[in-house]
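Please find one structure pasted underneath; my questions will follow.
Hydrogens, waters and symmetry mates are skipped; everything else that's a heavy atom, side chains included, is used. All values reported here derive from a predicted model rather than from experimental measurement. Order of the sequence lines sets the chain letters (A, B, ...), proteins ahead of strands, with each chain counted from 1.
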Number of protein chains: 2
Amino acid sequence: MADRGYGQFCPVAMASEVLGTRWTMLVVRELLCGSSRFNELRRGLPRISPALLSKRLNELEELGVVERRCDGERGSPTYYLTEAGEELRPVIMSMGSWGQRWLETQLSLKNLDPSLLMWDMRRNLNPTPLPSRRVTIQFLYQGLTRGQREWWLIVDKAAQHGVVDLCMTDPGHDVDLYVVTELRTMTAIWMGITTVREASDAGRLRLTGTPELASRMEHWLGLSPFAQETKQVTVR
Amino acid sequence: MADRGYGQFCPVAMASEVLGTRWTMLVVRELLCGSSRFNELRRGLPRISPALLSKRLNELEELGVVERRCDGERGSPTYYLTEAGEELRPVIMSMGSWGQRWLETQLSLKNLDPSLLMWDMRRNLNPTPLPSRRVTIQFLYQGLTRGQREWWLIVDKAAQHGVVDLCMTDPGHDVDLYVVTELRTMTAIWMGITTVREASDAGRLRLTGTPELASRMEHWLGLSPFAQETKQVTVR
DNA sequence: CAGTATCCGATGCGATACTG
DNA sequence: CAGTATCGCATCGGATACTG
């Protein structure tokens, strides 16, 4: 195993060598989605070890895909994609579209994870159709253990630190909308496999609270970037 | 290491799991380029072991990306991409384009390989501008060892088995055009890093024989599919 | 030609603990 | 918070030889 590489000058081979190592594409995906701090990245990649994430970031920096910035003197470092990294977007998007179209849904729905789902929802939520006051939405996933069951999204357009907050513990505010469903259903909605309306009609999703929030859920709830890709594989 | 997977429902993660294993993307690339027989694939992937190629083909078949056909009763099997496999083309192309734009040329030119280059040239050669008679073109790579140095491309539009033949031993025909250069130069031309004209003018490529063949070389010599991507990384 | 079978070595990477 | 350090194992895949 003298050579880890493919020994080919073909650009596809060269790119595969670099992008094919475990976790690399997902680190880039997280950066493309806007994460920039170490522990923010870890949150989107729960199963990566800190050592490996650090290694990947260094490799990507060495490659010219990632730029590490040490803001201020004292501030903790942040990571951003360079132009080369930004140009990986079409690669990631085409991979994701292909995955959505051709990989078994069952396989995806075996990898249910409320923290990943909520984290994704947090960053894709669209505050525009929401009122200007602070809005609190509680998600309650039936059948999950305590500690995984309850989530709060707090949207405050006037907030200075960031518009959408995600909590796992009761923030204490009055709740404007309760969303009660199974994690599987909510994930299927997020992935575009079903819709809020379908799930509601089937009684698998229950919305209680401010009627305007409930009726406009399809508008403020962002979906996965791949949700509009049509599945080509039957859900078995 | 209970789980080899990423444990994420995200389609990018799902696709990475499948496409990220070593050699997989390159097997798909070969199939996209038109190879369909086992040893034809091996030719485009010289460093893969037969065992691993077999394994990858089985995995891809299982995934629904590859279809194995056993033509006739007796015939040896062939492999084709399914619709799902064909739809990997944008993934491969975007990876290749990115590689061409952003990965060090030096890295590519470290992976020089005359058999891969000639094999690629064989399948991308454009016979249209060539005369209707049989044409033999000999490539002579200076500085390579005997057995790697001499290559013959035989183009015969009237041939029944295939228009372009590649030989490593003298086919015995009269040679219509001799191409004398270094492997590095020819590879750089193939990759679009330099041109036939540039290399000729610099004396790094010498064409002797039928003047029409020589002058039209830029037209019949196909280039890498990524040759028109502009390098963004300086050649150091 | 089209693969299987077998073996074994390197190393990637996961787990955990620890530090400035 | 943002990593480094260390350890050890599983497993991937490379090499080689063999078969219908």
Side-chain angles (χ1 to χ4, degrees), chain A residues 1-8 13 16-27 30-31 35-63 66-80 111 161-162, chain B residues 1-8 13 16-27 30-31 35-62 66-80 111 113 161-162:
Chain A
M1 213 187 281
D3 244 335
R4 288 294 320 146
Y6 293 117
Q8 301 196 182
S16 298
E17 245 168 75
V18 161
L19 307 174
T21 44
R22 193 159 162 71
W23 289 110
T24 301
M25 289 301 264
L26 298 194
V27 172
E30 285 305 304
L31 291 164
S35 291
S36 56
R37 317 267 311 242
F38 194 83
N39 283 345
E40 213 175 348
L41 291 166
R42 288 189 69 182
R43 190 142 184 198
L45 309 165
R47 319 250 273 233
I48 201 175
S49 72
L52 194 51
L53 176 55
S54 171
K55 190 180 172 203
R56 289 288 178 265
L57 286 168
N58 285 325
E59 290 165 357
L60 289 170
E61 191 184 4
E62 174 72 18
L63 256 171
V66 160
E67 187 196 342
R68 169 195 251 109
R69 289 188 207 149
C70 291
D71 298 313
E73 273 307 309
R74 193 79 199 89
S76 31
T78 53
Y79 300 90
Y80 292 95
N111 290 330
H161 52 285
Chain B
M1 213 187 279
D3 243 337
R4 288 294 318 145
Y6 293 118
Q8 302 197 182
S16 296
E17 246 169 73
V18 162
L19 305 174
T21 44
R22 192 157 161 74
W23 288 110
T24 301
M25 290 299 265
L26 298 194
V27 172
E30 285 304 303
L31 291 164
S35 291
S36 57
R37 316 271 309 248
F38 193 82
N39 282 345
E40 214 176 348
L41 291 166
R42 289 189 68 184
R43 189 140 183 198
L45 309 165
R47 318 249 274 232
I48 201 175
S49 74
L52 194 51
L53 176 55
S54 172
K55 190 179 173 204
R56 289 290 177 262
L57 285 169
N58 286 324
E59 290 166 358
L60 289 170
E61 193 184 2
E62 175 72 18
V66 160
E67 187 196 342
R68 168 196 251 109
R69 290 187 206 149
C70 292
D71 299 314
E73 274 307 309
R74 194 80 201 89
S76 32
T78 53
Y79 301 90
Y80 292 94
N111 290 330
D113 182 328
H161 51 284

Practice prompt. Report yes if the side chains of B:Val66 and B:Arg56 come closer than 4.5 Å at any heavy-atom pair, otherwise no.
Written response: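 No; the side chains remain at least 4.5 Å from each other.
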Discussion item. Can you identify which nucleotide, out of C:dC1, D:dA2, C:dC13, has its nearest atom closest to the B:Ser76 side chain?
Written reply: C:dC1
Item to complete: Enumerate the residues from residues 16-24 of chain A whose closest heavy atom to DNA chain C is under 4.0 Å, giving them by residue number; use none for an empty result.
Response: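 When residues 16-24 of chain A is checked for heavy atoms under 4.0 Å from DNA chain C, the hits, listed by number, are A:Arg22, A:Trp23.
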Worksheet item: Do A:Pro77 and A:Phe38 come within less than 4.5 Å of each other through their side chains, counting heavy atoms only?
Response: no
Worksheet item: Does OP1 or OP2 of C:dC13 have a side-chain N or O of B:Tyr6 closer than 4.0 Å?
Response: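 Answer is no, no contact under 4.0 Å.
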Worksheet item: What does A:Arg42 touch in the nucleic acid at a heavy-atom separation under 4.0 angstrom: a base, only the sugar-phosphate, or nothing?
Response: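 No contact.
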Worksheet item: Roughly, in whole Å, what's the span from CG in B:Leu45 to P in C:dG3?
Response: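 Value for this atom pair: 14 Å.
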Practice prompt. Please determine, for the side chain of B:Phe38, which listed nucleotide (C:dC1, C:dG3, D:dA2) has the closest atom?
Written response: C:dG3
Discussion item. How close do A:Ser16 and B:Met25 get, counting heavy atoms only, and between which atoms?
Written reply: OG-CB, 3.9 Å
Item to complete: Could you tell me which residues satisfy side chain to side chain donor-acceptor pair (under 3.5 Å) with B:Asn111, sequence neighbours excluded, listed by chain and number?
Response: none
Worksheet item: For the pair made of CG in B:Leu52 and C1' in C:dC7, what is the distance, rounded to whole Å?
Response: 15 Å
Response to the item:
Picking from D:dA15, D:dG3, D:dG14, the nucleotide nearest the side-chain atoms of B:Ala51 would be D:dA15
Worksheet item: Within the pair A:Arg56 and C:dC13, is there a side-chain N or O less than 4.0 Å away from OP1 or OP2?
Response: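 It does, given that an N or O in the side chain of A:Arg56 lies less than 4.0 Å from OP1 or OP2 of C:dC13.
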Practice prompt. Kindly point out which of C:dT4, D:dA2, C:dA2 is positioned nearest to the side chain of B:Ser54?
Written response: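 Of C:dT4, D:dA2, C:dA2, C:dT4 is nearest to the side chain of B:Ser54.
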Discussion item. Restricting to side chain to side chain donor-acceptor pair (under 3.5 Å), what partner residues turn up for B:Arg68, sequence neighbours left out?
Written reply: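 Listed in chain order: B:Asn58, B:Glu61, B:Tyr79.
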Worksheet item: What heavy-atom pair brings B:Leu45 and B:Val27 nearest, and what distance separates the two atoms?
Response: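 Reported closest heavy-atom pair: CD1-CG2, 3.9 Å.
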Fill in: Nearest-Å distance for atom pair CG/C1', residues A:Leu26 and C:dC13
15 Å
Discussion item. What's the closest nucleotide to the side chain of B:Asn39 if the choices are D:dT4, C:dA2, D:dC1?
Written reply: C:dA2
Discussion item. Nearest 0.5 Å, please: how far is CG in B:Leu57 from CG in B:Leu41?
Written reply: 6.0 Å
Practice prompt. Let me know the distance between NZ of A:Lys55 and P of D:dA5, rounded to the nearest Å.
Written response: 14 Å
Fill in: Residues which pass side chain to side chain donor-acceptor pair (under 3.5 Å) with B:Ser49, listed by chain and number, not counting sequence neighbours
none
Worksheet item: What residues, two or more places apart in sequence or in another chain, satisfy side-chain contact (heavy atoms from CB on, under 4.5 Å) together with A:Arg47?
Response: A:Trp23, B:Asp3
Worksheet entry | Contact under 4.0 Å: B:Arg37 side-chain N or O vs C:dA2 OP1/OP2 | yes
Discussion item. Can you measure A:Ile48 atom CD1 to C:dG14 atom P for me and round it to whole angstrom units?
Written reply: 8 Å
Item to complete: Using a 4.0 Å heavy-atom cut-off across all strands, classify A:Arg68 as base, sugar-phosphate, or nothing.
Response: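 Contact class for A:Arg68: sugar-phosphate only.
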Worksheet item: Separation of B:Glu59 atom CD from D:dC12 atom P, in whole Å?
Response: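 Whole-Å distance recorded here is 9 Å.
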Worksheet item: What is the distance, rounded to the nearest whole Å, between atom CG of A:Leu57 and atom P of D:dG3?
Response: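 Roughly 8 Å, once rounded to whole Å.
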Worksheet item: Please give, in whole Å, the distance from D:dA15 C1' to B:Leu53 CG?
Response: 16 Å
Quick one: which protein N/O atoms are closer than 3.5 Å to N/O atoms of nucleotides 17-20 of chain D? Pair and distance per line, please.
none

Worksheet entry | With sequence neighbours excluded, residues passing side-chain contact (heavy atoms from CB on, under 4.5 Å) with B:Glu17 | B:Tyr6
Worksheet item: What pairs of residues pass the salt bridge (Lys or Arg N to Asp or Glu O under 4.0 Å) test when at least one of them lies in residues 36-45 of chain A, not counting sequence neighbours?
Response: none
Practice prompt. State, to 0.1 Å, how close A:Thr24 and A:Leu19 come at their nearest heavy-atom pair, and which atoms those are.
Written response: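 What the structure gives for the nearest pair is CB-O, 4.1 Å.
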Fill in: Pair assignment for DNA chain D - dot-bracket with | for other-strand partners, Watson-Crick or G-U under 3.5 Å
||||||||||||||||||||
Worksheet item: What pairs with A:Arg22 under side chain to side chain donor-acceptor pair (under 3.5 Å), at least two apart in sequence or on another chain?
Response: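 Per chain and number, A:Arg22 pairs via side chain to side chain donor-acceptor pair (under 3.5 Å) with no residue.
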